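Worksheet: one structure, shown below.
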Amino acid sequence: MADEQIRFELPQSELPRQWYNIQADLPRPLPPVLHPGTHQPIGPADLAPLFPMALILQEVSRDRYVDIPDEVREMYKLWRPTPLLRARRLEKALGTPAHIYYKYEGTSPSGSHKLNTAIPQAYYNKAEGVQGLTTETGAGQWGTALSIATSFFGLECEVYMVKVSYQQKPYRRAIIQTFGANVYASPSERTHAGRGILAQNPDSSGSLGIAISEAVEAAATSGGKYKYALGSVLNHVLMHQTVIGEEALKQLEMAGEYPDIVVGCAGGGSNFAGIALPFVQKNLTEGKNTRIIACEPAACPSLTKGVYAYDFGDTVGLAPMVKMYTLGKDYVPPPFHAGGLRYHGMASIVCELYDQQLIEARAIPQLDTFKAGVQFARTEGIVPAPEPTHAIATVIEEALKCKESGEKKVILFNLCGHGHFDMAAYDAYMSGKLEDYEYPQAEIDKAMAALPVI
Ligand SMILES: *Cc1c(COP(=O)(O)O)cnc(C)c1O
C-alpha cells in the first residue's frame, strides 16, 4: 500500500497575516445598510453605540487585505493553523473516485470556527476602552467562543441565550459561565424588548432574532460601558473567518490539488464564507471555475425559499435593516428542529454572491443531515456538530454522483465544529424522535406580506 498522506498541517509560521475582504472584488458593491427608524443609509456614527470604530471601518472597508493584529495572531496560535484532512475512509465507504477533503475547525478551544472572530472582536473592543460585551447565543457555540475571548481580554460578557437552548443545554450554559460570562434565558425580563415579547406570549421559547434584540438593547442603553458583538452575518465577521479558506488553499497545494467543489453549511453565513471566499476570489480574478455550495436546513431555507429584500436583523426592529434573503424577522424554528442554522436571514455578502449566481444553495431535510453525520462519524471518527452535517450530506451526494460518472472531482468542505455538546440531538435522531419538516410556503407568504416597505 502506498504511503498516502491524509493529514496536511501548516507550520505556525504559515498562519495567515491578513484577512481577505471580498468587498474589494465583488462585481457590484453591497446594498447599503439602512437605519431601522428612518430607512436612510446608515453611517459609522449610527453604529458607534454598538460597535468599536475599528470594526465599523472593517465593515465598510474595500481594502482587499486587512492585517491581523499581532496580539490576535498570537491567540490564534493556540489552535491555528487547523488541519486539513482527506476523508479517505469515507471515500472508500462510498466507493467514490472523488477526493474529499475537510478543514477541521473543531480543534479550536471552543470547538468551532466561532473563536476566529470572537478574539478579534474582543481585541478591538478592549483597545477602544469598552468594559464589556453583550451578545446572543442560539445553540451556545457563539456564547462559548465570546466568553473565552472576553476572559482572555478581561472584558465582562452578558449572553442572552435562546430560552429553549438554555433549558435543553445546561452544559453549554455552564461552559459559558465557567469562562465568567453571565447568561440569561431570552426572552428575559431584563430588557424592554424581552418584556414586550413575554407580555404577548409568556411561553415564548425564544429565537435568535429576539435574543439579538435584547443584546442590542442592553448595549445601546448601557451609556457606552458595553458594546454588542455578533457571531455571524456581518461583513467583518465573515472577513475574520477567511483564515479558514486561506489556510485551506495552501494545504490543498501541499496535497497537489485544487477543489472542483467547495461546500459549507450556512446559518448566518460566516463559516461558509470563511472557507469559500478565498476560492470565490480565485473564480472572480484568476479564471478558476470552482462550484461553491451553501447548505441550509429545509426547516430554515433563507436562501432557497426566502425573498431578497430589506428586512430587520432582529425581531423587535432595533438592529439595522439589511437587504438579504429572509424568511421574515418573526421566523421561529419548529421546536423539533435539531440541526441549528436557525437565523431568519443571511449575511449580505452571501446573499449578493447568490443573487449574482456566483454560488449555489441547497436546502437539506434534517433526517438526511443526521444520516450523513452518523456515516461521517463511523468512517472518520469525528462526531460533527449538527450544522456541518448539512454540508456533509451534500458532499456525500456529490461524491456519489462522481461514483456514477467516474469523475475524480476534488471536494472540499468545512467541518466547522464537533458535536460533543449536541449529543441530545444525535440521541433524538437515533431514537427516531426527529422528523423532516419543510418550512411551509404559507408562512413565507405571510412573512413577506409583513416585510418593511422601503
Ligand atoms: C454558529 C455555527 C454555525 C452557523 O453559523 P454560520 O455563521 O452560518 O457559520 C454553523 N456551525 C457551527 C459549528 C456553529 O457554531
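Counting starts at 1 for both ligands and their atoms, following the listed order. Any value given below was found using the heavy atoms of this structure, including those in side chains, with hydrogens, waters and symmetry copies removed. Note that the structure is a prediction, hence the values are computed from the model and not measured.
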Within the 4.0 Å heavy-atom shell around [X], which atoms of ligand 1 are there?
{"X": "Ser112", "value": "13 (C), 15 (O)"}
{"X": "Ala266", "value": "8 (O)"}
{"X": "Leu341", "value": "4 (C), 10 (C)"}
{"X": "Ser270", "value": "6 (P), 7 (O), 8 (O), 9 (O)"}
{"X": "Gln141", "value": "13 (C), 14 (C), 15 (O)"}

Show your working on side chain to side chain donor-acceptor pair (under 3.5 Å) between Ser207 and Arg342 and close with a plain yes or no. CA-CA 8 Å; Ser207 73; Arg342 297 175 177 89; over 6 Å; no

Backbone of Ala273 reached by a side-chain donor or acceptor of Gln241 within 3.5 Å: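 A pair under 3.5 Å: no.
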
Out of Cys351, Cys300, Ser232, which residue meets the side-chain contact (heavy atoms from CB on, under 4.5 Å) rule with Met346?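 When Cys351, Cys300, Ser232 are each tested with Met346, the side-chain contact (heavy atoms from CB on, under 4.5 Å) holds only for Cys351.
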
Look at atom 8 (O) of ligand 1 and say which protein heavy atom is nearest, naming residue and atom and giving the distance to 0.1 Å.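 Of the protein heavy atoms, Gly267 N, 2.7 Å lies nearest.
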
Considering only non-hydrogen protein atoms, determine which one is nearest to atom 14 (C) of ligand 1 and report residue, atom name and distance to 0.1 Å.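 Looking only at protein heavy atoms, the one closest to atom 14 (C) of ligand 1 is Lys114 NZ, 2.8 Å.
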
Taking Asp427 first and then Lys433, would you say they form a salt bridge - that is, a charged N and a carboxylate O separated by under 4.0 Å?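 Salt bridge absent between Asp427 and Lys433.
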
Report yes or no: does Cys416 have a heavy atom closer than 4.0 Å to ligand 1?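 Cys416 counts as a contact of ligand 1 under the 4.0 Å cut-off.
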
Min heavy-atom dist His113 to ligand 1 below 4.0 Å: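 Judged by the 4.0 Å heavy-atom criterion, His113 does count as contacting ligand 1.
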
Ligand 1 N/O within reach of Gly269 N/O, cut-off under 3.5 Å: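 Looking only at distances, the answer is yes, because the N/O contact criterion of under 3.5 Å is met.
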
For ligand 1, find out whether one of its N or O atoms is nearer than 3.5 Å to an N or O atom of Gly268.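 Yes, Gly268 has an N/O under 3.5 Å of an N/O on ligand 1.
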
Once salt bridge (Lys or Arg N to Asp or Glu O under 4.0 Å) is applied, what residue pairs with a partner in residues 145-158 remain, sequence neighbours excluded?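 Residue pairs with at least one partner in residues 145-158: Glu158-Arg190.
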
With salt bridge (Lys or Arg N to Asp or Glu O under 4.0 Å) as the rule and sequence neighbours excluded, what pairs involving residues 352-372 come up?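 Pairs touching residues 352-372 that pass the test: Arg28-Glu352, Arg28-Asp355, Arg291-Glu360, Arg362-Glu397, Arg362-Glu398.
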
Would you call the rings of Phe376 and Phe413 parallel, tilted or perpendicular, taking 30° and 60° as the class edges?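 Ring orientation of Phe376 relative to Phe413: perpendicular.
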
Name the orientation class of the two ring planes belonging to Trp19 and His240 (parallel below 30°, tilted from 30 to 60°, perpendicular beyond 60°).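 Geometry flag for His240 against Trp19: tilted rings.
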
With respect to atom 7 (O) of ligand 1, which of Gly231, Ser232, Pro384, Pro388 exhibits the smallest heavy-atom separation?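 Looking at heavy atoms only, Ser232 sits closest to atom 7 (O) of ligand 1.
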
